[in-house]
Amino acid sequence: MTDVLRIALPFTLWIIGFCALYALQGLVCSHHWPAGLDGRTALVAAAALFVLGQGVVLAAVLSRPAATRFAQRVATILAVAALAAAVWTSLPVLALTVCG
Amino acid sequence: MLAGSAAILLLVLGLLSAALLRRPAIPEAETGGRVWFWGFGLGFPLVTLAALTLYGLVIGERLLPRDAPDLATVEAEARQWAWTFTYPDAPGLATDGVLHIPAGRPVDVRITSRDVIHSFWVPRLAGKLDAIPGHVNILRIEAPAAGTFAGQSAEFSGEGYLGHVFTVQAHDPAAWARFLAGGTP
Amino acid sequence: MTQRTALRLHKALARIWAPEPGWRGWLTTNNNNDIGRLFLAVATGFFVIGGILAMLIRAQLATPGSAFMGPEAYNQVFTMHGTVMMFLFAIPFFEALSMLLLPGMLGTRDLAFPRLGAYGLWVYIFGGSAVIIAMLMGLAPDGGWFMYPPLTSAAFSPGLGADVWLLGITSIEVSAIATAVEVVVTVLRYRAAGMSLSRMPIFAWYILVVSVMILTAFPPMILGSLLLETERALDWPFFQVENGGDPLLWQHLFWLFGHPEVYIIFLPAAGMIATILPVMSRTTLLGYGWVVAAAVSLAVLSFGLWVHHMFTTGIPHLGLAFFSAASTLVAVPTSVMIFSWIGTLWKGRVRMELPMLWLLGFFATFVIGGLTGVMLAVVPFNWQVHDTHFVVAHLHYVLIGGYVFPMIAAVTYFQPLLTGRFRYFRLGEVAFWLVVPAFHVTFLAVHVAGLLGQRRRTWTYDEGQGWEILNLVASIASFVMAIGFALVILDILINTFAGLRGQRNPWGAPTLEWAAPTPSPTYGFGSIPIVRGRYPMALDPDLPQRIAKGEGYLADTARNRRETLIVDTMTGEPAEVAVLPGNSRLPFLLAVVTSTSFLAPLVGAYWLSALALSGVVIIALIWVWQLVPATTEGPVDAGRGALLPVASETANPPGWWGSLFLLLADGVHFGSLVFGYAFLWTVAPNWPPSSYLRSEVWPVMLALGGAVALIAGPRLLARAIGRPALPGLLVATCGALALAAAAASVMLARPAPEGHAYDATLWLLAGHTAFHAALVLIMLGYLSLRRIAGHALRVGEARIVSLWADFAAATGLVALGAAWLPGAFA
């Protein structure tokens, strides 16, 4: 079962991070957001955390090999892909208009 | 986008036909995976998609309603199956089925709905934006010159959906001023 | 000699696995062969109905100003076409094929929970029939297949149509979830000996991924239906702006389901392609590991796309950008798959049989659909063509090209296995050459009409807009396509009943399903095969004979019951012996009462609904009661010298695995509810409500104490196997009651859920908590009854209750915490 979880983990984290980022964006643009806090800074920080988290997952997958070569190979592909996906889907926070 | 898609389609179908026509005497061992996966599978779509998404986002940013010195604002309220337009610059003024705007100036349309969800769409002026009860969505449009433009709702809204249309009339500065003053433009 | 061993084994197994004779056999059977065939037939029937509806649409749109239908009829027809094709055809059809084929592919005798599979079938038949009957009575829903409120709220759709949709579709989703649980547990645990993860047939990977997707994508939709139905029936204002609701909440919940749904439909087809295409090219799949990784990543990425159906709702551009980026990203794993398949063709030598033709039809069509999909992911382009016929054409390219064509390929490919007969009449080729060209003519024309501005869902159009010729061409071609589809069905029917008797494994396929006799007998394999590679039939051509002779596991029929092997998830080492239930009328009865409880509210018979619900509880109790014998038997001889425990006597019995994945779905459902609450709190216009709930201290203490007791009680029980069970039962019962009381305090403090969406949400949060506490109470009652009847309690049973109790405690604390938090800070 651990091999199955290892294969499932990288992208499960990606979807959680992705939804969290979108939720934060919703919050930043709502009336609940405190006036003194810069929305973009918060979003960029969250995105950095997201990417960092995926990096940690990749490092963990690489440092502790799976029980089988197959699971190790698939998990590595997925961990790299999830890291790339995190970077790619986070990029918009750097440049785009935050609300509007 | 169409030409690019056609090129990709031809590439894929070309490879496919080549694969079909090619008849190796003995089936090959698992070689050449690198080209297929790293080259075609990953490299190729990533490059094209990155370019396309970037392009789309830049255009999208340019279409956003930003502050402009000569900005005009109008309001559009949809209901089953009609549109009422009001004008903050001329309180009390309301038109049914015809939206009047100044030509050659950016105009923000503040869109909302009184009942179900509708969508404001004037194909020649901008993309569509939904009219949602309780929400005000702002669409930036700009008519290049005076004239009439066809508009319609673009969200299914029940039996009268087909006839849920309106027109946009863009005026030159003089006619716009006459309209706001309550006269015939 | 050996021949005689095989025959004796066959006779014994055939007797043990035989359905009841006569028509009653169809109602009581739960064997995957029977259930799968019924499922397949019914799903095909719904495809025909959906196709007829499509023809009505094209007939109406063939000419401008058509008087064939008015808007009332047309709105029902297009809503039903979408609903029937998506819910009643596409999902059940691949479920049917997987039920039929999966045990063979995995080298096991049946699916993990045969009665659950039968239950899913009957719920689907009842729910689907109700929707169709309502349509024939003119009571069909008419708000479009995605049912946006407020158009579908009571104020704007006062009739029964929307209720039919919500209740009928929810019962079908229950059926899909039942099947998904069954499939996940089967793939993870019920396989041939030695079938490790990397030796699983590729289809098993795909269907595993798809089943997990069903478990995580359907719950938001079920929640959405629950919210809309309570709004319609009880006036709880979840989507009414003036009372704190927001219609956008529906769109989020619907598309949280709706987008993954597209991939839930596509991935099984992709799994079929990855299975059939290598055989058709006389080679093996290129890059198995890559394809597995692509399937997994595509599945998860598809959950990050839902907002791209809402690009025109006024969500800030940055929000759209996230989803635009994710939307273009899904093209990457898709293209990995496509190029894996082309690479497979490249290294092999293709034979142009009928299944291969349909796969080529897939390539030509799906690539175009994928490319228009990428176009739609570009936000400004989407703003123009959203809700035009361009989108209609795109989704038909993806769904027909990406799903229907591969499924036809699959049916023609597996026909020898399922019927034991070979194609003799060559109608299928004619059908192919009618369907595929006609399809392209139809939907290329629809693409262009969309680009020229024709809106979808308009019941007619005026002359002079340049759409006349396009629509006429599309309509004529669509009728040719319909004739082609009719020929496809005719071809399959003819060859099923009048084809040639053929030998085993006619395609020379390397996977296990072809090791079974054709047509596959009810028990599947004479003994559980032992595999040493990914392509066992290629490694060992004599495998079928050796399986039939009983050289695998569980060839001994002395115990006279249906048995199959459970293996270790990773390595495939034999681990347990599963005892499967025999014929039973319970699934049918349970489906009758479940459907009654869903459908009775349609005619206002709430009392009947409540009565049926208690029927559900009673039958479910009998169901589990029958599952486990009164006494334990210890390890049994599994053949080949292996002594294995019976599954029900292990710490994690199949029921524990099933519960685990059912709770995954339940957890996503709960997560969606919390999301809905947070969404309304953040976005809904008429918030905050006039006051927030301020809790006193005692309900908080009750909830905390209850949760602790709920977590501790079943654990005490599991540790005390063989000793008195009373302390554990008592602690757990008190915990469940305390948690339910805390939930009740929330309802009592806010007695008017119809006043504001906030109050309505509190009721749902508290209701969720109380419902799960009640479930645990029922389970505890069951355990007590077993003790009173003198049955031996098993660790596994206690651990299953523990799982549900943990879930009730955890979600209860989150739900009540979410209910109390705003008041504590206000």
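Just so we're on the same page: letters track the sequence lines, and every chain starts at 1.
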- Of all heavy-atom pairs linking C:S340 and C:V291, the shortest is OG-CG2, 3.3 Å

- Does any heavy atom of chain B fall under 4.5 Å from the side chain of C:V241, the backbone, both, or neither of them? side chain

- Top contributor to chain B interface from C:L151, C:D387, C:D142 [non-hydrogen pairs under 4.5 Å]: C:L151

- Message: Tell me which of these, C:I338, C:I368, C:L329, has more heavy-atom pairs under 4.5 Å with chain B than the rest.
- Response: C:I368

- Query: Given the side-chain rings of B:Y87 and B:F85, with only the six-membered ring counted for Trp, is the space between their centroids under 6.0 Å?
  - Reply: no

- Query: If you count heavy-atom pairs under 4.5 Å with chain C, which of B:G163, B:G160, B:A131, B:P123 comes out on top?
  - Reply: B:P123

- Part of C:M310 within contact of chain B (heavy atom distance under 4.5 Å): neither

- Message: Aromatic contact between B:H118 and B:Y161, with the criterion being ring centroids under 6.0 Å apart: yes or no?
- Response: no

- Task: Pick one of side chain, backbone, both or neither for B:L64, based on which atoms fall under 4.5 Å of a heavy atom in chain C.
- Result: side chain

- So which of C:P247, C:A155, C:S327 has the biggest tally of heavy-atom pairs under 4.5 Å with chain B? C:P247

- Quick one: what part of B:L15 sits under 4.5 Å from any heavy atom of chain C, side chain, backbone, both or neither? both

- Task: Name the member of B:D115, B:L139, B:I117, B:I138 that forms the most heavy-atom pairs with chain C at distances under 4.5 Å.
- Result: B:D115

- Can the ring centres of B:F156 and C:W459 be said to be less than 6.0 Å apart? no

- Message: Please classify the contact of B:A50 with chain C as side chain, backbone, both or neither, using a heavy-atom distance under 4.5 Å.
- Response: neither

- Task: Pick out which of B:R79, B:E77, B:E75 makes a side chain to side chain donor-acceptor pair (under 3.5 Å) with B:T84.
- Result: B:R79

- Message: Please classify the contact of B:Q80 with chain C as side chain, backbone, both or neither, using a heavy-atom distance under 4.5 Å.
- Response: side chain

- Are side-chain heavy atoms of B:L49 and B:P45 found at a separation under 4.5 Å? yes

- Query: Given that the side chain runs from C-beta out, which part of C:P149 has a heavy atom under 4.5 Å from chain B: side chain, backbone, both or neither?
  - Reply: backbone

- Output, in order, the C-alpha distance, side-chain angles, deciding distance and verdict of side chain to side chain contact (heavy atoms under 4.5 Å, CB included) for C:F390 and C:Q454. CA-CA 8 Å; C:F390 186 87; C:Q454 190 177 358; over 6 Å; no

- Could you tell me whether B:R178 atom CZ has more than 12 heavy atoms of other residues or ligands within 6.0 Å of it? yes

- Query: Under a 4.5 Å heavy-atom cutoff, which of B:L57, B:I59, B:T48 has the most pairs with chain C?
  - Reply: B:L57

- Query: Of the backbone (N, CA, C, O) and the side chain (C-beta and beyond), which part of B:D130 lies under 4.5 Å from a heavy atom of chain C, both, or neither?
  - Reply: both

- Using non-hydrogen atoms only, which part of C:F239 is less than 4.5 Å away from chain B: side chain, backbone, both, or neither? neither

- Query: For C:Q76, is it the side chain, the backbone, both or neither that has a heavy atom under 4.5 Å from a heavy atom of chain B?
  - Reply: neither

- Query: In terms of heavy-atom pairs under 4.5 Å with chain B, which of C:D462, C:I342, C:T344 leads?
  - Reply: C:I342

- Turns out that what part of C:V683 lies under 4.5 Å from chain B's heavy atoms comes down to both

- Query: Does C:S335 reach the main-chain N or O of C:V332 with its side chain, forming a donor-acceptor pair under 3.5 Å?
  - Reply: yes

- Any sub-3.5 Å donor-acceptor pair from C:W467's side-chain atoms to C:P64's backbone N or O? no

- Item | Segment of C:T372 engaging chain B (4.5 angstrom heavy-atom cut-off) | neither

- Task: Flag the pair C:Q240 / C:P150 as yes when at least one side-chain heavy-atom distance between them is below 4.5 Å, and no otherwise.
- Result: no

- Message: Please tell me whether C:Y397 and C:H447 form a close aromatic pair, meaning their ring centres lie under 6.0 Å apart.
- Response: yes

- Message: ring-ring contact (aromatic ring centres under 6.0 Å, His included), that's the test. Do B:F166 and B:F120 meet it? Break it down for me.
- Response: CA-CA 9 Å; B:F166 58 93; B:F120 180 98; 5.0 Å; yes

- Part of C:R457 lying under 4.5 Å from any heavy atom of chain B: both

- Contact part of B:L13 toward chain C, heavy-atom cut-off under 4.5 Å: side chain, backbone, both or neither? side chain

- Message: Quick check on C:L318 against chain B: is it the side chain, the backbone, both or neither that has a heavy atom closer than 4.5 Å?
- Response: neither

- Task: In sequence, state the C-alpha distance, the side-chain angles, and the governing distance for C:H252 and C:F679, and then conclude on ring-ring contact (aromatic ring centres under 6.0 Å, His included).
- Result: CA-CA 10 Å; C:H252 278 289; C:F679 177 84; 4.9 Å; yes

- Query: Between B:S119, B:S113, B:P133, which shows the greatest number of heavy-atom pairs under 4.5 Å with chain C?
  - Reply: B:P133

